[in-house]
Structure formats: C-alpha cells, structure tokens
K.L.:
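Mind having a look at this structure? Questions to follow.
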Amino acid sequence: MKTLPRRFYRRDPRDVAPDLLNKVLVCGTRSGRIVETEAYCGPIDPGAHSYRGLTPRTTVMFGPPGHLYVYLSYGIHWCCNPVCGEDGEGVAVLIRAVEPVAGIEEMRPRRPKARRDVDLTNGPGKLTEALGIVGANNGADLVTGDQGIVIADDGTPPPVAPIQTWRIGFGNNPARDYPWRWFVPGNRFVSRPEGAR
DNA sequence: ACCGGGATGTTCT
DNA sequence: GAACATCCCGGTG
C-alpha cells in the first residue's frame with residue numbers, strides 16, 4: 001500500500017476522478033476501495049461549490065491539492081472530496097461510493113440502519129459515516145496523513161473501461177449536462193449503476 | 001419495485 | 001425564504 005503522492009492530485013479533476021477508481025480510501029483502521037467518483041471543476045462548473053468564488057465554506061477547496069474538502073449535505077450528511085489541480089483553482093473530486101476493504105466490523109455499528117452490507121458504503125453520505133469522516137476532518141492532508149486519512153494504491157489498477165456518465169443530484173441546474181461521473185463496471189457498491197437521467 | 005416526503009444546517013437571493 | 005453534490009421510511013401496486 002503506497003500513499004498517493006501530491007502530484008497525483010495536481011491535475012484536472014476530470015483526469016483524477018477515473019484514476020481514483022480502485023484506489024483505497026483509508027481512515028484510521030477502516031478502509032474502502034473507491035468505486036464511484038465525480039469531478040467538480042470550479043468556475044466552468046455551475047454544479048461546483050466553488051463556482052461563485054471563494055467563501056468560508058470553500059476555503060479548503062480553493063487550497064492546495066491533496067487535502068480533503070468535507071462539507072455538510074442537506075444539513076445531515078458529510079461528503080468528502082480530495083482537492084485537485086493547483087492551489088487557488090477550486091477543483092475537486094467527490095467520492096460517491098467505496099467497497100469495504102478493512103474494518104468492516106467497525107463499520108456496522110457506525111451504520112446501524114444498514115440492513116445489508118452493500119448499504120454500508122454505497123453512497124457519499126454513507127461511506128463517510130461508515131469510515132468516520134466528519135466536518136472536523138475538513139482540510140486533512142491526504143499525503144502526510146496528519147489526521148489518519150490517506151488514499152493509497154494497493155496495486156490494483158483502475159478499470160480498463162470505466163463507465164462515464166452524468167452526475168447525480170442536480171434538478172434543473174445546467175450542471176446536469178456535464179458527464180463527469182465515473183464508476184467501476186459491475187461493482188455492487190456503486191450508488192446508481194445507471195445513468196443519472 | 002417504485003415513489004413521495006421529511007429531516008436538518010449552511011449558503012445565497 | 002428557497003435551494004441544496006442525501007438518506008431513510010412508509011405508502012402503494
């Protein structure tokens with residue numbers, strides 16, 4: 001298991017997102033293989049939090065690559081995003097689903113409402129709850145692992161033919177037209193194996 | 001299986 | 001005051 005270097009993140013999020021497939025997100029003693037991602041592209045992306053410029057919430061997203069942007073979705077769920085590109089760009093990748101690799105017994109009590117194992121981590125709000133990622137982890141350095149959170153390569157390459165399709169959860173926002181979601185074909189933990197529309 | 005609504009806090013109009 | 005990068009539960013067929 002090798003922690004991904006800073007340069008892995010210092011690229012366009014649309015290149016990083018498919019490359020993150022099959023990498024391992026580690027949080028303390030728990031980890032999961034990344035099987036679904038979405039790219040968020042700053043000023044050219046009306047779906048990105050950074051679209052309208054720097055705000056207190058998006059400070060980390062506008063910071064240097066390789067740090068974790070964590071935000072609260074719908075007032076309830078935490079979502080986690082490795083920051084990409086260059087310092088000041090405001091681009092990142094949302095991790096939408098992982099497949100448990102280690103510590104699954106610790107994940108079950110953290111996800112008491114999950115009836116089946118697949119419900120442990122098959123969504124962006126679910127995987128943060130299962131792994132234990134919360135708002136206090138906003139800004140964590142994924143390269144130094146200063147908060148026990150890293151992304152590592154265990155030797156599994158990304159899928160040869162990842163599925164690329166539309167992102168999830170945008171109503172009538174024109175962001176719905178950008179096909180910036182990728183997932184591992186056939187993996188059971190993908191939140192929505194079909195296209196978004 | 002599929003669909004509608006409620007929870008709940010931050011951000012922006 | 002509305003929208004929101006979600007999830008869960010209870011209704012119906």
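Letters A, B, ... mirror the listed sequences (proteins, then strands); counts begin at 1. Since this is a predicted model, take the numbers as computed values, not measurements.
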K.L.:
Within a radius of less than 6.0 Å around CZ of A:Phe170, do more than 12 heavy atoms belonging to other residues, nucleotides or ligands occur?
P.N.:
yes

K.L.:
Would you say the side-chain atoms of A:Glu99 pair up with the backbone N or O of A:Val35, donor to acceptor, closer than 3.5 Å?
P.N.:
no

K.L.:
Looking at every strand, decide which applies to A:Gly123 at a 4.0 Å heavy-atom threshold: base, sugar-phosphate, or nothing.
P.N.:
sugar-phosphate

K.L.:
Using Watson-Crick or G-U wobble geometry with both distances under 3.5 Å, which nucleotide pairs with B:dT8?
P.N.:
none

K.L.:
Polar pairs (N or O, both sides) under 3.5 Å between protein and nucleotides 6-9 of chain B?
P.N.:
from  : atom 1 : to      : atom 2 : distance (Å)
B:dT8 : O2     : A:Tyr74 : O      : 2.1

K.L.:
Would you mind reading off the distance between A:Tyr51 atom OH and B:dT11 atom C1', rounded to a whole angstrom?
P.N.:
16 Å

K.L.:
I'd like to know if the side chain of A:Asp153 reaches the main chain of A:Lys2, judged simply by a donor and an acceptor atom lying under 3.5 Å from each other, with no hydrogens or angles considered.
P.N.:
no

K.L.:
Heavy atoms only, 4.0 Å cut-off, all strands: where does A:Pro56 land among base, sugar-phosphate and nothing?
P.N.:
nothing

K.L.:
Measure CG/A:Asn173 against P/B:dT11 and give the value in whole Å, please.
P.N.:
18 Å

K.L.:
In the structure shown, which nucleotide is the Watson-Crick or G-U wobble counterpart of C:dA5, with both distances under 3.5 Å?
P.N.:
none

K.L.:
Measure from CE on A:Met61 to C1' on B:dT11 and round the result to the nearest Å.
P.N.:
15 Å

K.L.:
Shortest non-hydrogen contact from A:Thr3 to A:Leu142?
P.N.:
CG2-O, 3.5 Å

K.L.:
Same cluster or not: A:Leu120 versus A:Ile149, using hydrophobic residues (I, L, V, M, F, W, Y) connected whenever any side-chain heavy atoms lie under 4.5 Å apart?
P.N.:
yes

K.L.:
Write down the distance between CZ (A:Phe170) and P (C:dC4), rounded to a whole number of angstrom.
P.N.:
10 Å

K.L.:
Between A:Asn81 (CG) and C:dT6 (P), how many Å, whole number?
P.N.:
11 Å

K.L.:
Can you measure A:Glu38 atom CD to C:dT6 atom P for me and round it to whole angstrom units?
P.N.:
8 Å

K.L.:
Taking OP1 and OP2 of C:dA5, is either one under 4.0 Å from a side-chain nitrogen or oxygen of A:His49?
P.N.:
yes

K.L.:
Within the distance-only criterion (no hydrogens, no angle test), does the side chain of A:Arg111 pair as donor or acceptor with the backbone N or O of A:Asp119 below 3.5 angstrom?
P.N.:
yes

K.L.:
Within the pair A:Arg96 and C:dT6, is there a side-chain N or O less than 4.0 Å away from OP1 or OP2?
P.N.:
yes

K.L.:
I want to confirm an ordering. Mapping A:Pro124 and A:Gly171 to their closest nucleotides on DNA chain C, which one lands closer to the 5' end?
P.N.:
A:Gly171

K.L.:
What is the distance, to the nearest angstrom, from the CZ atom on A:Arg167 to the P atom on C:dT6?
P.N.:
11 Å

K.L.:
Determine the interplanar angle of the A:His49 and A:Tyr71 rings, folded into 0 to 90°, and report it as parallel if under 30°, tilted if 30 to 60°, perpendicular if over 60°.
P.N.:
perpendicular

K.L.:
For C:dC8, does either OP1 or OP2 sit under 4.0 Å from a side-chain N or O belonging to A:Arg111?
P.N.:
yes

K.L.:
Whole Å only: how far is the CZ atom of A:Arg52 from the P atom of B:dT13?
P.N.:
6 Å

